[in-house]
Amino acid sequence: MRRTFITFLTLLLLWAVVAQVNHVLDGHVYLFVGGLFVTYAALSLPLRDGLAAVVLAGLLCDAGVPVPFGLHALLFGAAHAVVFNIRDHVPREETAARVVIALLLNLALFLALSFALVGRGPAPGAVWPRLILDLVCSQVGLALVAPWFFALQSRTLVLAGVERDSLA
């Protein structure tokens, strides 16, 4: 329960920072870092703790954007389940591997959200160039921020008194 709460607090911080960055960008570019919401919890935490934190973060993301409520939570939960099931086959303690997984997850989540929502607009084909620009900027931003954020999550759990051996 404590791991879930601490992990959710770090995800809340990520959500607030990304919201502020998107506010400053003022609609010229939209950054999406959904892969960061899922990766650390799926690779490092037990299933129940990680899934609870990720789904709560998904609900938080749903509350701030005009999408059907629960869409982020559903996609984040599904992504968590996929990564959790393959985590024994990847070097999950290496930062580079975590960043690659976060980038792949971000791409998959971005495309899933885009395909789910693109049909709601008046000209679905006209938005794809903008979506590609947003995706490229999001991937670059995620690659730059991911090592810092993974270290923040790990250090926060250590400072909260969660033993490193009990995380896996």
Side-chain angles (χ1 to χ4, degrees), residues 2-47 49-65 72-73 75-84 86-113 132-168:
R2 197 155 100 186
R3 282 187 292 251
T4 302
F5 180 69
I6 298 301
T7 303
F8 176 72
L9 286 180
T10 62
L11 297 175
L12 177 65
L13 174 67
L14 175 65
W15 174 80
V17 169
V18 171
Q20 287 302 312
V21 169
N22 281 329
H23 177 73
V24 169
L25 293 173
D26 195 29
H28 298 293
V29 175
Y30 177 78
L31 295 182
F32 176 76
V33 292
L36 277 181
F37 283 95
V38 177
T39 303
Y40 185 84
L43 291 176
S44 301
L45 299 179
L47 179 62
D49 294 337
L51 187 60
V54 165
V55 169
L56 287 173
L59 292 174
L60 181 67
C61 291
D62 283 332
V65 293
H72 281 94
L75 290 174
F76 287 4
H80 181 276
V82 168
V83 174
F84 185 85
I86 65 164
R87 75 182 192 169
D88 291 334
H89 304 288
V90 296
R92 58 185 173 161
E93 293 298 323
E94 293 181 21
T95 303
R98 288 180 180 182
V99 171
V100 169
I101 290 170
L103 286 168
L104 292 173
L105 273 179
N106 203 57
L107 174 65
L109 291 169
F110 186 91
L111 291 175
L113 280 169
I132 291 170
L133 173 67
D134 289 348
L135 176 61
V136 169
C137 292
S138 297
Q139 294 292 77
V140 169
L142 186 142
L144 294 173
V145 173
W148 167 80
F149 188 66
F150 295 146
L152 173 76
Q153 287 183 302
S154 178
R155 186 69 180 143
T156 303
L157 287 169
V158 169
L159 289 173
V162 178
E163 290 82 24
R164 186 72 181 131
D165 295 336
S166 67
L167 288 179

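Position 1 is the first residue of the sequence, and the numbers go up from there.
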Check whether any side-chain heavy atom of Leu113 lies under 4.5 Å from a side-chain heavy atom of Leu75, and answer yes or no. yes
Would Thr39 and Val83 count as a side-chain contact (heavy atoms from CB on, under 4.5 Å) if you check the C-alpha gap in whole Å, the side-chain angles of each, and the deciding distance to 0.1 Å? CA-CA 8 Å; Thr39 303; Val83 174; 5.8 Å; no
Atom pair CZ/CG of Phe110 and Leu31 - distance to nearest 0.5 Å: 10.0 Å
Heavy-atom closest pair (Leu107 atom, Leu135 atom, distance to 0.1 Å) is CD1-CD2, 3.5 Å
Exercise: identify the closest heavy-atom pair between Val54 and Gly77: CG1-N, 4.1 Å
List the atom of Cys137, the atom of Val29, and the distance in Å for their closest heavy-atom pair. CB-CG1, 3.6 Å
Give the minimum heavy-atom separation between Ala79 and Leu109, together with the two atoms involved. CB-CD2, 4.2 Å
Inter-residue atom distance Asn106.CG - Phe32.CZ, 0.5 Å rounding: 5.5 Å
Please round to the nearest 0.5 Å and tell me the distance separating atom CZ of Arg87 and atom NE2 of His80. 7.5 Å
Distance from Ile101 atom CD1 to Ile86 atom CD1, nearest 0.5 Å? 6.0 Å
Under 3.5 Å, which donor-acceptor pairs do the side chains of residues 11-21 form with other protein atoms, sequence neighbours left out?
none

Within the structure provided, determine whether Val90 and Leu43 are in side-chain contact (heavy-atom separation under 4.5 Å). yes
Rounded to the nearest 0.5 Å, how far apart are CG of Leu36 and CG of Leu142? 4.0 Å
Quick one: OG1 on Thr10 to CG on Leu157, what's the gap to the nearest 0.5 Å? 7.0 Å
Find out whether Gln153 and Ser44 are in side-chain contact, i.e. whether some heavy atom of one side chain is under 4.5 Å from a heavy atom of the other. no
Between Ser154 and Phe150 (side chain of the first, backbone of the second, donor and acceptor by atom type, cut-off under 3.5 Å), is there such a pair? no
Residue pairs passing the side-chain hydrogen bond (donor to acceptor under 3.5 Å, both in side chains) test where at least one lies in residues 24-38, sequence neighbours excluded: none
List the residues meeting ring-ring contact (aromatic ring centres under 6.0 Å, His included) with Phe76, not counting sequence neighbours, and say none if there are none. Phe37, His72
Apply side-chain contact (heavy atoms from CB on, under 4.5 Å) to residues Leu45 and Thr7 and explain how you reach the verdict. CA-CA 9 Å; Leu45 299 179; Thr7 303; 3.3 Å; yes
Taking every non-hydrogen atom, the tightest pair across Ala97 and Pro91: CB-O, 3.2 Å
Where the side chain of Arg98 meets the backbone of Tyr40, is there a donor-acceptor pair that is under 3.5 Å apart? no
Between Pro147 and Val99, is any pair of side-chain heavy atoms under 4.5 Å apart? yes
